[in-house]
Amino acid sequence: MITTTYRDAIRAAIREALTKDPRVFLMGEDVGRYGGSYAVSKGLLAEFGPDRIRDTPLSESTFVGAGIGAALGGMRPIVEVMTVNFSLLALDQIVNNAATIRHMSGGQFSIPLVIRMATGAGRQLAAQHAHSLEGWYAHIPGIRIVAPATVEDARGMLWTALEDPDPVLIFEHQTLYNMEGSLADNAGAVDLDKAAVRRPGKDVSLITYGGTLGKTLQAAEALARDGIDAEVIDLRTLRPLDMPTLAASVKKTRRVVIVDEGWRSGSLSAEISARLAESHFYDLDAPIARVCSAEVPIPYPKHLEDAAVPQPPAIIAAAREAMGRRG
Amino acid sequence: MITTTYRDAIRAAIREALTKDPRVFLMGEDVGRYGGSYAVSKGLLAEFGPDRIRDTPLSESTFVGAGIGAALGGMRPIVEVMTVNFSLLALDQIVNNAATIRHMSGGQFSIPLVIRMATGAGRQLAAQHAHSLEGWYAHIPGIRIVAPATVEDARGMLWTALEDPDPVLIFEHQTLYNMEGSLADNAGAVDLDKAAVRRPGKDVSLITYGGTLGKTLQAAEALARDGIDAEVIDLRTLRPLDMPTLAASVKKTRRVVIVDEGWRSGSLSAEISARLAESHFYDLDAPIARVCSAEVPIPYPKHLEDAAVPQPPAIIAAAREAMGRRG
Amino acid sequence: MTDPKVRLQPDQHRTRLLHEMIRIRRFEEKCAELYSTGKIRGFLHLYIGEEAVAVGALQALSPEDAVVATYREHGHALARGISMNALMAEMYGKHEGCSHGRGGSMHVFDAKTHFYGGNAIVGGGLPLAVGLALADAMQRRPHVTACFFGDGAVAEGEFHESMNLAALWKLPVLFLCENNLYAMGTRIERAQAQVDLRAKAQSYLVAAEAVDGMDVTAVEAATRRAAEGIRRGEGPKFVEYRTYRFRAHSMFDAELYRDKAEVEAWKVRDPITTFSATLKSGQATEVLVKAIEDAVAEEIAEAVAFAEAGTWEPVEHLLNDVYTPARDAHLNPAVGAK
Amino acid sequence: MTDPKVRLQPDQHRTRLLHEMIRIRRFEEKCAELYSTGKIRGFLHLYIGEEAVAVGALQALSPEDAVVATYREHGHALARGISMNALMAEMYGKHEGCSHGRGGSMHVFDAKTHFYGGNAIVGGGLPLAVGLALADAMQRRPHVTACFFGDGAVAEGEFHESMNLAALWKLPVLFLCENNLYAMGTRIERAQAQVDLRAKAQSYLVAAEAVDGMDVTAVEAATRRAAEGIRRGEGPKFVEYRTYRFRAHSMFDAELYRDKAEVEAWKVRDPITTFSATLKSGQATEVLVKAIEDAVAEEIAEAVAFAEAGTWEPVEHLLNDVYTPARDAHLNPAVGAK
Ligand SMILES: Cc1ncc(C[n+]2csc(CCOP(=O)(O)OP(=O)(O)O)c2C)c(N)n1
Ligand SMILES: Cc1ncc(C[n+]2csc(CCOP(=O)(O)OP(=O)(O)O)c2C)c(N)n1
Ligand SMILES: [Mg+2]
Ligand SMILES: [Mg+2]
């Protein structure tokens, strides 16, 4: 076992991909000389050269579209969009080309493209730099959405994403880059199909992903001290959703709390809630609860940012309420 | 009463606004000399001149952003984005500026902007011209989303939207422009706060909006012949949702089917289902059902396009199932 | 790239150019007819009047080069060598169509001829072309990517970003601007502060040339010059074709924005009649044109029959081709596999 | 637009320019210090080295003109006349800040001075500026909208679309490009095929001028020329300021992408020291600078005290300012009301 960080695990995954497959290259703003705005790609330019570590101009729509074209042309691009906030400038290329060309061409062309971006709030970057839109992206057919919440997934999801013949968007929560964790020395690719039970429990299912996994696990520990045995599920892949794993948990616990950093209305938590209520209406002993972000652009001051996004006390309260505990 | 079309009703509303308020102007691609790609603004250039009916270059991000700036500068712009499919190019301006500036400025500036766009499938325009993303837009705090489904709302929603101090997006389903309906001679502004019960009923609540209202009413008539008395609710405003009206219907019928042309996963139907299950868990006699678009880019051939979007038979089947009827 | 069986006097290049233009013209006239009978639906954007551009320009490409087109791409598709049968079947939405019917008129795709669509988002194909060229450059392949777009697309941010990136990275992109003076109903003077589009290309240090788009030989010559420069490693080139759309923008356009007189004036410069006039003299030309028309009429009749006989994809297949199934794994061999 | 009480020798314009630059420099040095102590958080982008641009350029504006800035806007805010107290309180996130604390360093807004933000999306302010200018033009107001953006923003599609639309409609937009040679770690040669940015502006037929951004008087003169042209109805103008960022891009930047030597070479051209050297001679200047430094130190101390004494908005107000409440109806009188 080695101890490493989420950031270094992603860098190791990129380095491995570049080494294994000559078709792989990394392209995006400041991935080269600057070393990546989150220092993920630091050192890669020196190691792999400017042909494979490509600094782009500030042109999100075009370098994402160029990634789509390069994938069509036989390459395996890893496009880094610095943050999800800027990806809105490339949304047309993602929705109307990356997600759609395979279908419009009657299956003649696939787009083996990986797009990585940082997401989420938590660093007081204010309204234009704190979006959590990964669940929103999960609405689009034709793409796969993944959100590594652990060092192991940060290390392993990229390779599997590159092997996927279709576009995969990887959302890295910006508060996780410094997170430490241990990895097997031979750690490598991980599957992208199954959600993971991060903490087994029998009383209530806490379903989350990405940046809120840690807070949800904290809440579960607190609940345990209170005699409530919570099961914590990490979705890992937001599209497609691994419903069998969620269903198994619901059948066991009969109570569900979904924790999602997206704005509540229209967040992924709504889809999960709707699906579970459709398939397990008669298994549920309590209404499905959601702990999401408040419907406000994220404010700058820490106390307001903290109040805007899900926190352990709210998760605990929702779980207790699902258990019928008061106060 | 006069008989008119959805298209003419919108034109009448635009004309009234231009006449009443010198700050109002219409801007977008081909709204002038071409007469609007759906002929909505036909004749307005001749009547109001090029200063107030502005043809723009193909620059969605900038003319939408210019609408935001003009609103900040004291005008009351009506920006027409030809269709929702092209609005993705302007999404950064809508999400990061229109929806956010009021908040980032601590409430110093509001953005009294109206953006109109055509939406939806049904005309065999294929994958890049058939998106139904209005429910997706409803995820964004700071904007209001409305979807006129009747000639009366086509006539009345614009003025109310212009009086709103914040950005309002109006989604006009492209299959409705030729729809005929009758209007009071003095028809004018309508409220944007309440959902409308388009058909009262006691057995099951069919909740829908925009382009699927007609299909849902057809389904309700068929159900009536089958002894099922369906209530049909037209949301009218997708953000914010009028939950009291939905709640009253659910309390009465105890059964819900939501009809939404958006792709099923992450559609507005999921949010409505989740909210009703949160607030009325114990009032529901059957799982909430959803009839949505299949998760596929819309195909060109008619039989496949029809199969991809909600149709009366599927609505009828879902309602019968909610009633516990088999076959 | 005429379908061999209908090729006349293969030795005569000029005859072939004429034949190609007539094929496109008659094919689209048939499409317009089929649209009115409801066989073809959705949007139909005719290229009539602009045939010299696709036919002349595509002479400069080799079979391995890539093409990225617009929603007005029937001419590009036929000139590139997509069979008329497959194209007509696509217009019908039949499974035998070149995009298996999923795309229709605006989304013609064909792997064999490296035809990357038919894109219905104005300017949406420009970044794709830059990426295709990047893939060629990184794999040291000597190919060129030809990207067609209209005067209207030049106003989109994607034009600016794509020209800059292609120029910055010296990528083999052939930017082919079809300037037919209008973007739907908006004349170029109402869309562009600078109507000389070459000046825009030059602002990225991209060499630009404008040519009479109604003259197929001039189009071919200019495009060959540009393509050769790219193959010599000079980076992207920009060619502007000054042409004109004879028909409405689409089947829904009332053409309120231009006078008949302007249209008639341009029709005098019809690329087909003006070119055939230069071919041989009198009688001989008539005979040649007659022979071409007969061959084309036959090809079109066959294409219509092929489309009519085509099949509708079963509704059960609705969800196909959203994601790549295992059966198509060969499209994307596992990473690392060489 | 110095806060009156600290204005020295109001008759002396050049003294005022020096004073403004020093205010900005010292304010930001204090901010950097407060960042390390955690009083200021989030992103902090310092303008140090570029002060001559904001100070010189904003001399050309009248109080009614509008300003659209970037996330590196402390200099623009102070030079525009936003009080240092309100700005410092905003840096802290206090309710007394000019954006009531909601925005922080990147989102400085101020209605009184027509300061439309602080925009953290590169290029995101350009379309807003076009719209503000459109509103002035349609209401026949003689104002100018000054839009600041960097060399990196020039690569974004919004630059292209906004330049074209402003030029096409002859709108009173003053496009002010702060070319500090870098976009984060990307030097202009690696971002722009054409590094002479004037050529880009000219491709929209927009008159462009480049000026030494380290020379406050040259900046003022060039910007006044441009603004006057706009007020004469000549349409938008483009001014490029050749300047340099002395500090890291943000507090997280290790500056791997440039050598110390380059930075040192530019520091020799420090806009403050070079300008003060031109003022008076020896002693007299020292006395003057000392007086300014004392006044500024006092103003900063007061601003810090003001921010420290400021209040945190109660958490119960979290959802405020997402939508406009009735109480703010005056911001948008019912349509039709004049
Ligand atoms: C991004 C986008 N905006 C608007 C449209 C609607 N539209 C389709 S074609 C067209 C005009 C394009 O003009 P041009 O680029 O000159 O091509 P032409 O039709 O003249 O061949 C417009 C506005 C679109 N398809 N995509
Ligand atoms: C659309 C967008 N892409 C990327 C970023 C991240 N980013 C912030 S500042 C910056 C560099 C901008 O450079 P420039 O325009 O030259 O301004 P400068 O920082 O040099 O003043 C980048 C890439 C962003 N904020 N917005
Ligand atoms: Mg055109
Ligand atoms: Mg810069």
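All chains are named by letter (A, B, ...) in the order of the sequence lines, taking the proteins before the strands, and each is independently numbered beginning at 1.
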message = I'd like to know whether A:Q128 forms a side-chain contact (heavy atoms from CB on, under 4.5 Å) with D:H107, so could you lay out the CA-CA distance, the side-chain angles of the two residues, the decisive distance to 0.1 Å, and finally the verdict.
response = CA-CA 9 Å; A:Q128 291 180 331; D:H107 303 301; 3.0 Å; yes

- Task: Go through the steps to decide whether A:Q124 and D:F43 satisfy the test side-chain contact (heavy atoms from CB on, under 4.5 Å), and finish with yes or no.
- Result: CA-CA 8 Å; A:Q124 288 189 250; D:F43 277 149; over 6 Å; no

Closest approach of A:A126 and D:G103, non-hydrogen atoms and distance?
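Result for this residue pair: CB-O, 3.6 Å.
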
Report task. Measure across D:L318 and A:P299 and return the closest heavy-atom pair with its distance rounded to 0.1 Å. Result ->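 Reported closest heavy-atom pair: CD1-CG, 3.9 Å.
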
Distance-only, no hydrogens or angles: does the [X] side chain make a donor-acceptor pair with backbone N or O of [Y] under 3.5 Å?
| X | Y | result |
| --- | --- | --- |
| A:D30 | D:T186 | yes |
| A:S59 | D:A155 | yes |
| A:Y300 | D:Y92 | no |
| A:H129 | D:G42 | no |

task = Classify the ring geometry between A:Y34 and D:Y257 as parallel (under 30°), tilted (30 to 60°) or perpendicular (over 60°).
result =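 The arrangement is parallel - the two ring planes meet at less than 30°.
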
Greatest number of heavy atom pairs closer than 4.5 Å to chain D - which of A:V296, A:T56, A:I298, A:L58: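 The residue among A:V296, A:T56, A:I298, A:L58 with the greatest pair count is A:L58.
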
As a test of understanding, state which of A:M82, A:E29, A:R33 forms a side-chain contact (heavy atoms from CB on, under 4.5 Å) with D:M184.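 Passing option: A:M82.
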
- Task: Check whether any side-chain heavy atom of A:L304 sits under 4.5 Å from a side-chain heavy atom of D:R102, and report yes or no.
- Result: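 Yes. Closest side-chain heavy atoms under 4.5 Å.
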
- Student check: side-chain heavy atoms of D:F252 and A:R123 closer than 4.5 Å: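 A side-chain contact under 4.5 Å exists here.
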
- Query: Looking at CD1 of D:I121 and CD of A:E60, how far apart are the two atoms once the value is rounded to the nearest 0.5 Å?
  - Reply: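 Answer for the CD1-CD pair, D:I121 versus A:E60, is 8.5 Å.
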
Where does A:S37 contact chain D at under 4.5 Å (heavy atoms): side chain, backbone, both or neither?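 Both parts, backbone and side chain.
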
- Query: Where does A:L89 contact chain D at under 4.5 Å (heavy atoms): side chain, backbone, both or neither?
  - Reply: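 When you check distances to chain D, only side chain atoms of A:L89 fall under 4.5 Å.
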
### Task
Using the side-chain contact (heavy atoms from CB on, under 4.5 Å) rule, take A:E295 and D:V322 through it: C-alpha gap first, then chi angles, then the decisive distance, then the call.
CA-CA 8 Å; A:E295 310 217 13; D:V322 180; over 6 Å; no

Could you look at [X] and say if it's the side chain, the backbone, both or neither that has a heavy atom under 4.5 Å from chain A?
| X | result |
| --- | --- |
| D:Y323 | neither |
| D:E90 | backbone |
| D:I40 | both |

I need the residue from D:G101, D:S105, D:A120, D:G104 with the largest number of non-hydrogen atom pairs under 4.5 Å to chain A.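 If we count pairs closer than 4.5 Å to chain A, D:A120 comes out on top.
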
Checklist entry - So A:K42 and D:L256, side-chain contact (heavy atoms from CB on, under 4.5 Å) or not? Walk me through it. => result CA-CA 10 Å; A:K42 195 164 167 181; D:L256 307 170; 4.1 Å; yes

**Asked** When you look at CD of D:Q202, are more than 12 heavy atoms from neighbouring residues, nucleotides or ligands closer to it than 6.0 Å?
**Response**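 Buried by this count: over 12 neighbours within 6.0 Å.
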
